[in-house]
Amino acid sequence: MPHQPRTDQDRIVDVITDVGDLAASAGRHDLAGRLAHTRDRLADPAVRVIVVGEFKQGKSKLINALVNAPACPVDDDVATSVPTTVAYGAEASAWVTEQPDAPGTIPRRREIPIAELNDFVSERGNPGNERGIVAAEVVLPREILRGGLQLVDSPGVGGLESSNSLATLAALSSAHAVLLVSDASQEYTEPEVQFLRHAMRISPNVAAVLAKTDLYPEWRRIEQIDRDHLRDAGDVPIFSVSSDLRLLAAETQDRSLNDESGFPALVAHLRREVLGRAELIHERSAVHDLRSVVDQLGMSLHAELNALLHPEDTPRLIADLEEAKSRADEFRGRSARWQVTLTDGIADLVADMEHDIRDRLRKVQREAEKAIDEGDPGPIWDQIREWLDQRVTAAVSETFVWTDERSRWLSEEVAELFSQDEADIPLSDVADIRGVLDPVDDIASLEAGQLSAGEKIYIGVRGSYGGVLMVGLATGLIGMALINPLSLLAGVLVGRRAYREDMGNRLSRRQQEAKGIVRRYIDEVTFQVGKQLKDRLRLVQRTARDHFGSLAEELHSSLSDALQRARQAATGYTASRDQRVSTLRARIDELERVRRAIPPLPPLPVAEGRSSAAHAVGASGAVRAIGGRGARS
């Protein structure tokens, strides 16, 4: 068999193993554990690409064409009702994750026959998701998936402004890339453009796909119009494809037909801009970890060696290390600048978030009440409910996206204070809005206010009775009967007025009831969304605190070890000093050999900026920032 060339990632894994062994032999099991996590991240190169769009735009068939297999259900009606992930596996299989009926139980994952997948994830086989399927996964032995690519087929979001779009936005926050699919029958709608802007603010890599070009001869004109929309929204590439041509080309092995389908450009984008970029980010994170651990291991060795070789400088060396250790102690404390910035920033963000969601929903409430005051809400209550649901969903989505951006900005600011390196911390995605509105009851129904003919007659007769009686009694004084033309005319006039007053009162009651329903719904949404966002922001705070706290503990341990070794060297016996110097030099040479084996830092993708998915801060920068002269002595 031909020898497979070793990649940078393979060399990084070898260096991680060597450095981990050195850390364990030096008794630094905390650093060895950190590198074990780094190795696990490199071993799991999963790159999630979520395919989103409105109903019946060709999302499922696009994924099937990419993998050349019927992985996702395709139907003339609404097909996909459950998010379905298509990933690599040596053998084709399918899994579903079910939510048990018992409250408080965790979802259960089980394997199903791949031929029965449609019965679980399609609207036809699982209407309204009556089976309680949370997610589905299909693994296939396909070369395009081998590098870790995972394609996620999301349910259609029906207008991209309904409550279903919340779940789709939630998936975006955990995706490495997004493909927005729209067919070539018409240009982008306003909800699609708005959803695209949301996606660009959440996900670092967004591309557009114009599907079904084989069905619409005017697809090039639609493509140009969509390009103009994308130019206004931002720098988003667009790929025009035909899934049917791609599947036919795979069946007939026709290369020219495959080129005509437009898929080669899309596949190249996925491999170069998505998989390639994610691999660079993983490698940067691993290199940062390696450099950090090597710097900290070398710190104590150099400190002890300098104390043995230059005993006259030992007091200055110990003083420098003690100063560095005191700085590390300060960095671990609650009063450290990064701790204060993180705590104050989260508190400010919580207050701003609460104001933002209240302000957005109050505007929706005012618009709803104004519309209710302008007419009778009863006959059009279904339209008002739909409009209210869309507006509330849009407001909640905007708040979540805005809060996600602010939390990332805060995390980057904390990273700047902790380290001068280009590094970031792992973030908890506050844009994840799954289940946000689940506890909120649906908007209540309202009486239509339509009266039957019998009810109208009853109201009129009840009102006219008083008029007939009063005028009849008055005219009876002059000898006329109780019921006479004048009393009947008065009864008609009074009954008509009573009818109008009754209808006006009924309308007023319906308007007040409608306003009450709107207010209760807005209050409930405000309460639930505020609670969910607070929980997510606290998670961001804990994640950042634990991450930087562990790094500060590592630095403190390294400096304490270096200080202890320097003191022991200063008080050691002369007879064993030469042997110890030889041992230290051998270890330092081994460490330098490993340092030279670390690949150079891959260039950071421009589109990622400082919001890259790096999982660790390069602690070498923190050593320079905290350790000062002692770290380099």
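The model shown is predicted, which means the values in this text are computed figures rather than measured ones.
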Participant: Indicate yes or no: does D589 engage R585 in a salt bridge with an N to O separation below 4.0 Å.
Facilitator: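 Looking at R585 together with D589, the answer is no, because their closest N to O distance does not fall below 4.0 Å.
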Participant: Tell me, do L349 and S407 make a side-chain contact under 4.5 Å, heavy atoms counted?
Facilitator: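 When only atoms from C-beta onward are counted, S407 and L349 do touch, with a gap below 4.5 Å.
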Participant: So, does H176 use its side chain to make a donor-acceptor pair with the main chain of R48 at under 3.5 Å?
Facilitator: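 Looks like yes, one N/O pair under 3.5 Å.
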Participant: Would you say S292's side chain and H288's backbone share a donor-acceptor pair under 3.5 angstrom?
Facilitator: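 The answer is no, because no donor-acceptor pair under 3.5 Å joins these two groups.
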Participant: Would you mind telling me which of D18, V19, L297 makes a side-chain contact (heavy atoms from CB on, under 4.5 Å) with L591?
Facilitator: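 Of the listed options, the one satisfying the test is L297.
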Participant: Below 3.5 Å, can you tabulate the donor-acceptor pairs from side chains in residues 266-273 to any protein atom, sequence neighbours excluded?
Facilitator:
{"residue": "E273", "atom": "OE1", "partner": "R277", "partner atom": "NH2", "Å": "3.1"}

Participant: Could you walk me through whether V139 and Y88 pass the side chain to side chain contact (heavy atoms under 4.5 Å, CB included) check?
Facilitator: CA-CA 5 Å; V139 295; Y88 178 80; over 6 Å; no
Participant: Do side-chain atoms of R11 reach the backbone of A597 as a donor and acceptor pair under 3.5 angstrom?
Facilitator: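 Side chain of R11 to backbone of A597: no pair is present.
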Participant: What's the verdict on side chain to side chain contact (heavy atoms under 4.5 Å, CB included) for V152 and V49, showing C-alpha distance, side-chain angles and the deciding distance?
Facilitator: CA-CA 6 Å; V152 183; V49 178; over 6 Å; no
Participant: Going by atom types only, do R545 and T343 share a side-chain donor-acceptor pair under 3.5 Å?
Facilitator: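 On atom types as modelled, these side chains do not qualify, holding no pair under 3.5 Å.
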Participant: Write down the atom of G20, the atom of L35, and the distance for their closest heavy-atom approach.
Facilitator: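 Answer, listing the atom of G20 first, then L35: N-CD1, 3.6 Å.
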Participant: Taking R109 first and then E98, would you say they form a salt bridge - that is, a charged N and a carboxylate O separated by under 4.0 Å?
Facilitator: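 Looking at R109 and E98, the cut-off is not met.
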Participant: Under a 4.5 Å cut-off applied to non-hydrogen side-chain atoms, are R291 and V294 in contact?
Facilitator: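 R291 does not reach V294 side chain to side chain.
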Participant: Run the salt bridge (Lys or Arg N to Asp or Glu O under 4.0 Å) test against R587 and tell me which residues pass, sequence neighbours left out.
Facilitator: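 So R587 forms no salt bridge (Lys or Arg N to Asp or Glu O under 4.0 Å) with any residue.
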